[in-house]
Amino acid sequence: MASSIVLFGPPGAGKGTQAGNIVNLTGKPQISTGDMLRAALTAGTSLGMEAKVYMDAGQLVPDDVIIGLIKERLTQQDAVDGVLFDGFPRTIPQAEALSEIAELSIVIAIEVPDNRIVERICGRYTCGGCDAVFHDTFNPTATEGVCDLCGSTQMKRRADDNEATVLTRLAAYHAQTAPLADWYRQRDLFISVNGDQDIEKVGAEISAVL
Ligand code: AP5
Ligand code: MG
Ligand code: ZN
């Protein structure tokens with residue numbers, strides 16, 4: 001498999017928001033473990049039911065579940081030229097497992113201070129038709145309730161996008177995921193971009209890196 005890219009950062013950093021641009025630039029498909037888990041839940045699979053308990057609590061889903069999901073996803077034909085991982089890996093064991101199954105070219109970290117995260121997460125909504133990400137204040141749809149990209153009026157909010165759960169997700173990020181930054185720095189794969197600026201400016205920094 002050709003080399004893949006990792007989008008790294010705390011909850012609400014803008015990983016999902018920036019992924020579309022990177023997919024357009026590189027042609028690599030986005031693999032978001034969060035989106036896959038939510039799709040499994042919507043489909044009512046046992047995996048989805050198991051994951052829901054952790055997601056609703058703001059905790060990480062166990063590594064073996066996530067690694068199994070990724071291994072299966074990487075067998076699909078569209079992954080042969082490398083992929084864009086969004087929200088994976090999130091623990092050292094996940095990064096170790098990934099190093100055995102895929103080659104990475106770069107880990108792009110979107111840096112956003114903790115005090116910006118709650119307002120980002122609590123104002124987020126997504127399009128049920130195409131999964132585009134919006135925000136009540138920072139990135140609203142041009143016409144209220146209508147997706148700019150696909151015209152759907154099925155806007156959704158995530159069950160885990162409330163202040164209490166966000167704080168738990170942020171704590172899980174600092175305890176379990178942030179240590180990966182040094183792990184990847186030691187491997188010369190880590191690049192930071194400033195995520196605390198307009199969506200377009202973050203996108204321009206990422207494009208420059210790529
Ligand atoms: P996941 O779905 O990955 O959630 P997350 O990591 O918490 O990240 P988010 O999707 O909340 O944020 P984002 O960075 O994508 O931000 P977005 O672009 O939407 O994971 C959910 C759960 O699944 C986890 O808690 C865990 O339980 C489980 N899970 C998933 N992967 C796992 C793994 N590998 N291992 C174990 N468990 C796993 O932007 C947020 C908002 O901000 C939007 O409204 C957007 O419009 C706005 N915004 C974006 N950029 C800007 C900007 N520059 N300025 C202003 N507003 C902005
Ligand atoms: Mg996301
Ligand atoms: Zn849409």
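We count ligands from 1, going down the list as the structure has it; atoms in each ligand are counted the same way.
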Visitor: If Ile, Leu, Val, Met, Phe, Trp and Tyr residues are connected whenever their side-chain heavy atoms lie under 4.5 Å apart, and connections chain through other members, are Leu25 and Val209 in the same group?
Guide: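 They do share one cluster, since a chain of ILVMFWY contacts under 4.5 Å joins Leu25 to Val209.
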
Visitor: Atom 12 (O) of ligand 1: which protein heavy atom is closest, and how many Å away?
Guide: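 Residue, atom and distance for the closest contact: Gly12 N, 2.8 Å.
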
Visitor: Out of curiosity, Lys52 NZ to Leu47 CG, how far, rounded to the nearest 0.5 Å?
Guide: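 Taking NZ in Lys52 and CG in Leu47, the distance rounds to 14.0 Å.
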
Visitor: Under 3.5 Å between some N or O of ligand 1 and some N or O of Asp161?
Guide: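 For ligand 1, there is no N or O atom that lies under 3.5 Å from one belonging to Asp161.
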
Visitor: Answer yes or no: is there an ion pair linking Asp161 with Lys156, defined by an N-O contact shorter than 4.0 Å?
Guide: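 Salt bridge: no.
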
Visitor: To the nearest 0.5 Å, tell me how far Thr91 OG1 sits from Asp63 CG.
Guide: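 One finds 3.5 Å between OG1 of Thr91 and CG of Asp63.
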
Visitor: Specify the protein heavy atom at minimum distance from atom 37 (N) of ligand 1: its residue, its atom name, and the distance to 0.1 Å.
Guide: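 Ranking protein heavy atoms by distance from atom 37 (N) of ligand 1, first comes Val61 N, 3.0 Å.
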
Visitor: Taking side chain as C-beta onward, heavy atoms only, is Leu170 less than 4.5 Å from Asp114?
Guide: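 Leu170 vs Asp114: side chains touch.
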
Visitor: Tell me the protein heavy atom at minimum distance from atom 53 (N) of ligand 1, and give that distance in Å.
Guide: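 Nearest neighbour among protein heavy atoms for atom 53 (N) of ligand 1, to 0.1 Å: Gln197 O, 2.8 Å.
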
Visitor: Against heavy atoms of Gly87, which atoms of ligand 1 measure under 4.0 Å?
Guide: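 Contacts of ligand 1 toward Gly87, numbered from 1: 31 (N), 32 (C), 33 (C), 34 (N).
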
Visitor: To 10°, measure the SG(Cys147)-the Zn ion (ligand 3)-SG(Cys127) angle for me.
Guide: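 Nearest ten degrees: 110°.
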
Visitor: Considering non-hydrogen atoms only, spot the tightest contact between Ala95 and Leu180 and give its length.
Guide: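 Scanning both residues, the minimum pair turns out to be CB-CD2, 3.5 Å.
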
Visitor: Report the part of Leu37 (side chain from C-beta onward, or backbone N, CA, C, O) that has a heavy atom under 4.0 Å from ligand 1; answer both or neither where that applies.
Guide: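 Answer for Leu37: side chain.
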
Visitor: May I ask you to identify, for Gln18, whether its side chain, its backbone, both or neither come under 4.0 Å of ligand 1 on a heavy-atom basis?
Guide: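 Answer for Gln18: neither.
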
Visitor: Would you tell me which option among Gln59, Arg124, Gln94 has the nearest heavy-atom contact to atom 19 (O) of ligand 1?
Guide: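 Minimum heavy-atom distance to atom 19 (O) of ligand 1 goes to Arg124.
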
Visitor: Taking non-hydrogen atoms only, is Arg120 closer than 4.0 angstrom to ligand 1 via side chain, backbone, both or neither?
Guide: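 Answer for Arg120: both.
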
Visitor: Phe138 versus ligand 1: do any nitrogen or oxygen atoms come within less than 3.5 Å of each other?
Guide: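 No, since none of the N or O atoms of Phe138 sits under 3.5 Å from an N or O of ligand 1.
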
Visitor: Specify the protein heavy atom at minimum distance from atom 8 (O) of ligand 1: its residue, its atom name, and the distance to 0.1 Å.
Guide: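 Here the nearest protein heavy atom works out to Lys15 NZ, 3.2 Å.
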
Visitor: Which atom pair, heavy atoms only, marks the closest approach of Pro89 to Tyr184?
Guide: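 Reported closest heavy-atom pair: CG-OH, 3.3 Å.
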
Visitor: Among all protein heavy atoms, pick the one closest to atom 4 (O) of ligand 1 and tell me residue, atom and distance.
Guide: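 Answer, as residue, atom name and distance: Arg158 NH2, 3.2 Å.
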
Visitor: Considering only protein heavy atoms, which is closest to atom 6 (O) of ligand 1, and at what distance to one decimal place?
Guide: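 Ranked first by proximity to atom 6 (O) of ligand 1 is Arg90 NH2, 2.5 Å.
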
Visitor: What is the distance from atom CD1 of Ile108 to atom CG of Leu84, rounded to the nearest 0.5 Å?
Guide: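 Spacing of CD1 (Ile108) from CG (Leu84) equals 7.5 Å.
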
Visitor: To check you understand the geometry: which heavy-atom pair defines the closest contact between Gly12 and Ile117, and what is its length?
Guide: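 Minimum heavy-atom separation between Gly12 and Ile117: C-CD1, 4.4 Å.
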
Visitor: Heavy-atom distances under 4.0 Å are what count here, so tell me which part of Ile121 touches ligand 1: side chain, backbone, both or neither.
Guide: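 Ile121 to ligand 1: side-chain contact only, backbone stays beyond 4.0 Å.
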
Visitor: If you round to the nearest 0.5 Å, how far is CG of Asp131 from OG of Ser32?
Guide: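 Here the rounded value is 9.0 Å.
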
Visitor: Taking all atoms of both residues into account, what is the closest heavy-atom pair of Arg120 and Asp196, and its distance?
Guide: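 Arg120 and Asp196 have their closest heavy atoms at NH2-CA, 4.1 Å.
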
Visitor: Against heavy atoms of Gly195, which atoms of ligand 1 measure under 4.0 Å?
Guide: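 Near Gly195, the atoms of ligand 1 are 53 (N).
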
Visitor: Considering non-hydrogen atoms of the protein only, which is the closest contact for atom 18 (O) of ligand 1, and what is the distance?
Guide: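 Ranking protein heavy atoms by distance from atom 18 (O) of ligand 1, first comes Thr17 OG1, 2.6 Å.
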
Visitor: Looking only at non-hydrogen atoms, find the nearest pair between Ala181 and Phe8 and report the distance.
Guide: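 That closest heavy-atom pairing would be N-CZ, 4.1 Å.
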
Visitor: Short list, please: which atoms of ligand 1 are under 4.0 Å from a heavy atom of Thr33?
Guide: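 So the atoms of ligand 1 that pass are 30 (C), 31 (N), 32 (C), 33 (C), 34 (N).
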
Visitor: Output yes when the distance from some N or O of ligand 1 to some N or O of Gly123 is under 3.5 Å, and no in every other case.
Guide: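 No, no N or O pair falls under 3.5 Å.
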
Visitor: To check your reading of the model: name the closest protein heavy atom to atom 23 (O) of ligand 1, its residue, and the distance in Å.
Guide: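 Result: Met55 CE, 3.4 Å.
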
Visitor: Specify side chain, backbone, both or neither for Tyr173, according to which of its non-hydrogen atoms lie closer than 4.0 Å to ligand 1.
Guide: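 Neither part.
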
Visitor: Of the side chain and backbone of Arg38, name the one, both, or neither that has a heavy atom under 4.0 Å from an atom of ligand 1.
Guide: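 Just the side chain.
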
Visitor: Can you check side chain to side chain contact (heavy atoms under 4.5 Å, CB included) on Leu189 and Ile106, steps first, answer last?
Guide: CA-CA 5 Å; Leu189 288 167; Ile106 195 164; 5.7 Å; no

Visitor: Quick one: does Gly58 get an N or O within less than 3.5 Å of an N or O on ligand 1?
Guide: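 N/O-N/O distance under 3.5 Å: no.
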
Visitor: Show me which atoms of ligand 1 lie under 4.0 Å from any heavy atom of Gly16.
Guide: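 In order of number, 13 (P), 15 (O), 18 (O).
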
Visitor: Quick one: closest heavy-atom pair of Lys15 and Leu7, and the distance?
Guide: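 Closest approach of Lys15 to Leu7: O-CD1, 3.3 Å.
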
Visitor: Under 3.5 Å between some N or O of ligand 1 and some N or O of Leu60?
Guide: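 For ligand 1, there is no N or O atom that lies under 3.5 Å from one belonging to Leu60.
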
Visitor: Judging by distance only, is a nitrogen or oxygen of Ala13 under 3.5 angstrom from one on ligand 1?
Guide: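 Between Ala13 and ligand 1, an N or O pair is found under 3.5 Å apart.
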
Visitor: Starting from the C-alpha separation in whole Å, work towards a yes-or-no answer on side chain to side chain contact (heavy atoms under 4.5 Å, CB included) for Ile206 and Ile110.
Guide: CA-CA 9 Å; Ile206 292 175; Ile110 306 179; 4.3 Å; yes

